[in-house]
Amino acid sequence: MNPNMGWVLHGIMWFLAGLLMVAWPGGALLPGGVADPLLVLTLLIATFCRPGQAALWGLASGVIAGGISGGDMAGLCLSRIALAFALSMIAQRDTALNKVQRSVLVGTAALVASVLLILVSPPAELGRVFQATLMAALINVALAFGFTHILQYWFVRRVF
Amino acid sequence: MKKRRRLSPDTVWLILALLMGIGLGRMQTVARGNQSVDPVTRMVRAVFLPAGSGLRPMIEGPAMFFRGIGSAGQVAQQQQTIARLQAAMEVYAAEAAEWQRSYESLAKQQQGPNYGRIRVPVQILLYSPYRATITLSKGSNDGIEVGQGVVADGGLLAVVTQVDAGRCQAALITSSSQAVGAALRTEPPAVGLVRGESSQRLIFEYTQPVAIKPGSVIVTSGFSEHIPPGVPIGFVTESNKDRDFGSLRAFLVPRAKVDRVREAWILR
């Protein structure tokens, strides 16, 4: 099997996640929270690659999210770069993460990214946004589990 | 001498990424200040928006399908509400059509002939079958005078007999005490008087030996100061000659019947 298959697969999924942001802007998978598959995939790939590469994935993710949504691009980029970099550093210490651990790690990081974004650019309705963010974190953990199931096979085999 | 510590490649990439992020954010802010869109955002949108918009129906279709299943009960309730509203609307439409017909009927009556006089609309306030009189809602204040004709339902109904300031009384043409100059428009015309025989029948007495066919319309002759010529009085049902008295008679059914009208007009 081609070891680069994981990267190709991730690239396709990452691009599709960007398209999903346009195709389904209000795409709440559960009431009250909006999933962010682009962020989840970015953080997930950060657990598989070196911190420098993770930072670039974070940058690209921030540019795409900011460009599509018209949000604060600097805030999105900085929060995602920092999170992806930190997550990559954590994951490098323990390469034997199983799917659940990796999913929870990514979901938590996604939650931290959202909280960071709230701190960088505070919204008007803080309480409501925070409630939606918590709900979205649960959705993102579930998403992360699904994505991990697909990607871990390729990357973990390659590592070991 | 202190050894200079070199940055690791990961740290360099991190710093570069952070600087680029800050730079892009700055560029976005400046572009927004100029009321335009920065090139990076424009490029991202050029790549993602067309393809993403194309995908939207594929995403929204199934989403709507599952939302529809979830809200089936609500949809059923809405359909019941719509059915109720539709039934109510049909009742309303029937009612409205009835009102429209009434309106058109009234309008048609309003637009009836005035026989060269002013039509004064009046309401029939009282009807006395025993005396064969009606009391009307206009009087001398509106220019009503004794002898003026009252028309309704396309024919002569009564003749004004008493007038006060705000009301007047009129004797129906079916009253035996009432006689009206009448004519049958033939050549030569048959001229005579119509008087009441009963509430359903009138008698037309004339002198010229003219053959009058059943169904002919007898109208007012106009040989009166107040009642103009040509107002229909009734339809001939039969005619006969009374040689002993030397007069000719025809029996009529009155055109205007008091029991089916509520409004009338006085020809002033």
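Because the structure is predicted, anything quoted here is derived from the model rather than measured. Sequence lines set the chain letters: A, B, ... in the order given, protein chains first and strands last, and positions in each chain run from 1.
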Enquirer: Quick one: pull up CZ in F85(A) and OG1 in T11(B) and give me the separation to the nearest 0.5 Å.
Expert: 5.0 Å
Enquirer: Check each atom of L59(A) against the heavy atoms of chain B and say whether the ones under 4.5 Å are side chain, backbone, both or neither.
Expert: side chain
Enquirer: State the CD1-CZ distance between I64(A) and F48(B), to the nearest 0.5 angstrom.
Expert: 4.0 Å
Enquirer: For the CD atom of Q28(B) and the CG atom of D72(A), what is their distance to the nearest 0.5 Å?
Expert: 6.5 Å
Enquirer: Would you say CH2 of W14(A) has more than 12 non-hydrogen atoms from neighbouring residues, nucleotides or ligands within 6.0 angstrom?
Expert: yes
Enquirer: For residues L24(B) and M73(A), report the shortest heavy-atom separation together with the two atoms involved.
Expert: CB-SD, 3.9 Å
Enquirer: Name the region of R32(B), side chain, backbone, both or neither, that has any atom closer than 4.5 Å to a heavy atom of chain A.
Expert: side chain
Enquirer: Using only atom types and a distance under 3.5 Å, with no angle test, would you say the side chain of R45(B) pairs donor to acceptor with the backbone of G67(A)?
Expert: yes
Enquirer: With a sphere of 6.0 Å drawn around CZ of R26(B), does it hold more than 12 non-hydrogen atoms of other residues, nucleotides or ligands?
Expert: no
Enquirer: Just how far is it from atom CG of L55(B) to atom CG of L20(A), taken to the nearest 0.5 Å?
Expert: 8.0 Å
Enquirer: Between G21(B) and C77(A), which heavy-atom pair has the shortest distance, and what is it?
Expert: CA-CB, 3.8 Å
Enquirer: Atom CD1 of I68(A) and atom OG1 of T41(B): how far apart are they, to the nearest 0.5 Å?
Expert: 10.5 Å
Enquirer: Over all heavy atoms of both residues, which pair between A55(A) and A17(B) is shortest? Give the atoms and the distance, please.
Expert: O-CB, 3.9 Å
Enquirer: Taking everything shown except Y127(B) itself, do over 12 heavy atoms lie less than 6.0 Å from its OH?
Expert: yes
Enquirer: Let me confirm one number: the CD-CG distance from Q53(A) to D10(B), rounded to the nearest 0.5 Å.
Expert: 8.0 Å
